[in-house]
Number of protein chains: 2
Amino acid sequence: MERHKDKKKKEKENEADTSKWLLLDNQLCFRLYSASKALTSAYDPMLKPLDLTYPQYLAMMVLWEKDDISVGEIGERLNLDSGTLSPLLKKLEAKNILVRARSATDERMVTIKLTTKGHDLKKKVLKVPTQMICRIDLNEKEIADLSKRLDFLMSNLVKTAED
Amino acid sequence: MERHKDKKKKEKENEADTSKWLLLDNQLCFRLYSASKALTSAYDPMLKPLDLTYPQYLAMMVLWEKDDISVGEIGERLNLDSGTLSPLLKKLEAKNILVRARSATDERMVTIKLTTKGHDLKKKVLKVPTQMICRIDLNEKEIADLSKRLDFLMSNLVKTAED
DNA sequence: TGAAATTAAGTTGTGTACAATATGTTGGCG
DNA sequence: CGCCAACATATTGTACACAACTTAATTTCA
């Protein structure tokens, strides 16, 4: 595949070089897309007994770390906009896991507070990340390493988005 | 963070050890979820002039590699079921990019064939992967490396899903 | 051969995602 | 003070994703 790389041929290879990146198996992006879906569906059976979807679980993780914050703050943390979060948080409110209320000081904002049920849910969910780490079957160093690469990739995408 | 690891304390750390994995910033899965979304939204402006979404682009990549295949074969390649593919392929048919037709030999199957417009679209799309590689800003080795890790992760998830 | 199991695709219902827009609130600023 | 740009959230519309179910065709095998 990497033979015959003398300069005369290199230009001729350009077209082939370009279209080899169009092969699905060569696409990093497709792997990320697939891996992300696979992870979500791996979470689902663990979260189902807790009546949570994966995005709902993410929102809860934000709230377990710090309660009494605005919709916008959650969105900043998860990279989700109000179009996604508004209905999601309404569903969590319908399950009595949290309460939404207009802020008294700034009525543009909606403040999210966990209920007792919402706080208690954290105990039940503690085993989920551990189970997931087992299934991923990577050690702590490998996870950190992969995380670092993904962070680098993300920052490049964000950086070049400002054009 | 890694100090004080004598055996007496290790057991006491268990609970803290467990809940540290519940922190969003420690979650590999959240990074994958975010990276996947970021990549899709990076594709969108490139694909918009071609009137394709990212999942539609993936389906087209499969078809550019091998035409005249069934819905199921596309789904196997992309890990998508008929619930996702049926409407997606109908949209591509409405754009005159492909044609869907019941197979003559097995009428349960629907065979997908690219139209001339569908084949021609490949030329216009050739620059997309190259542009994306620039934005990702990883060299060929780093991409291969990251891909390998994601493949490993995926195979672990699939493997442990058979329980 | 013919009923039952299997298979392929489509449909329905729920839940994200996000662009674009709407609505109400707040903070300037002339 | 009053107007207006900026802001926070909600709503609408489009497009996945997938579980569960339906429909129709094929295969299996008693």
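Note: hydrogens, waters and symmetry copies are ignored here, and every other heavy atom, side chains too, is used. Chain letters run A, B, ... following the sequence lines, proteins first and then strands; every chain starts at 1.
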Separation of [X] atom [atom1] from [N] atom [atom2], in whole Å?
X: B:Phe30; N: C:dA17; atom1: CZ; atom2: P; value: 11 Å
X: A:Glu107; N: D:dA10; atom1: CD; atom2: C1'; value: 15 Å
X: B:Met60; N: D:dC16; atom1: CE; atom2: C1'; value: 18 Å
X: A:Leu88; N: C:dC18; atom1: CG; atom2: P; value: 12 Å
X: B:Glu76; N: C:dA9; atom1: CD; atom2: P; value: 10 Å
X: A:Gln56; N: C:dA17; atom1: CD; atom2: P; value: 10 Å
X: A:Leu80; N: D:dA8; atom1: CG; atom2: C1'; value: 16 Å
X: B:Ile69; N: C:dA9; atom1: CD1; atom2: P; value: 10 Å

Would one find a side-chain N or O of [X] under 4.0 angstrom from OP1 or OP2 of [N]?
X: A:Thr53; N: C:dT16; value: yes
X: B:Ser70; N: C:dA9; value: yes
X: A:Arg108; N: D:dA6; value: no
X: B:Thr84; N: D:dA17; value: no

Exercise for the section: Could you walk me through whether A:Asp68 and A:Ile112 pass side chain to side chain contact (heavy atoms under 4.5 Å, CB included), step by step? Expected result: CA-CA 5 Å; A:Asp68 199 0; A:Ile112 309 297; over 6 Å; no
Handout entry: Crowding at CD, B:Gln131 (>12 non-hydrogen neighbours, <6.0 Å)
Key = yes
Practice task
Between B:Tyr33 and B:Lys48, just flag the one whose closest nucleotide in DNA chain C comes earlier from the 5' side.
Solution key: B:Tyr33
Completion exercise
5'-most contact on DNA chain C (nearest-nucleotide basis), A:Thr105 vs B:Gly83, goes to B:Gly83
Handout entry: Donor/acceptor link under 3.5 angstrom from A:Ser82 side chain onto base of D:dA10
Key = yes
Fill in the blank from the handout: Taken to the nearest 0.5 Å, the spacing of B:Lys91 NZ from B:Asp51 CG works out to 11.5 Å
Handout entry: Check: A:Tyr57 and A:Val128 side chains under 4.5 Å, non-hydrogen atoms
Key = yes
Handout entry: Test log, rule side chain to side chain contact (heavy atoms under 4.5 Å, CB included), inputs B:Thr111 and B:Val99
Key = CA-CA 8 Å; B:Thr111 296; B:Val99 175; over 6 Å; no
Of the options [options], whose atoms approach the side-chain atoms of [X] most closely?
X: A:Lys91; options: D:dA17, D:dT9, C:dT16; value: C:dT16
X: A:Val71; options: C:dG10, C:dA17, D:dA10; value: D:dA10
X: B:Lys90; options: D:dT26, C:dG10, C:dT11; value: C:dT11

Fill in the blank from the handout: Ranking A:Ser41 and A:Gly72 by the position along DNA chain D of their nearest nucleotide, the one closer to 5' is A:Gly72
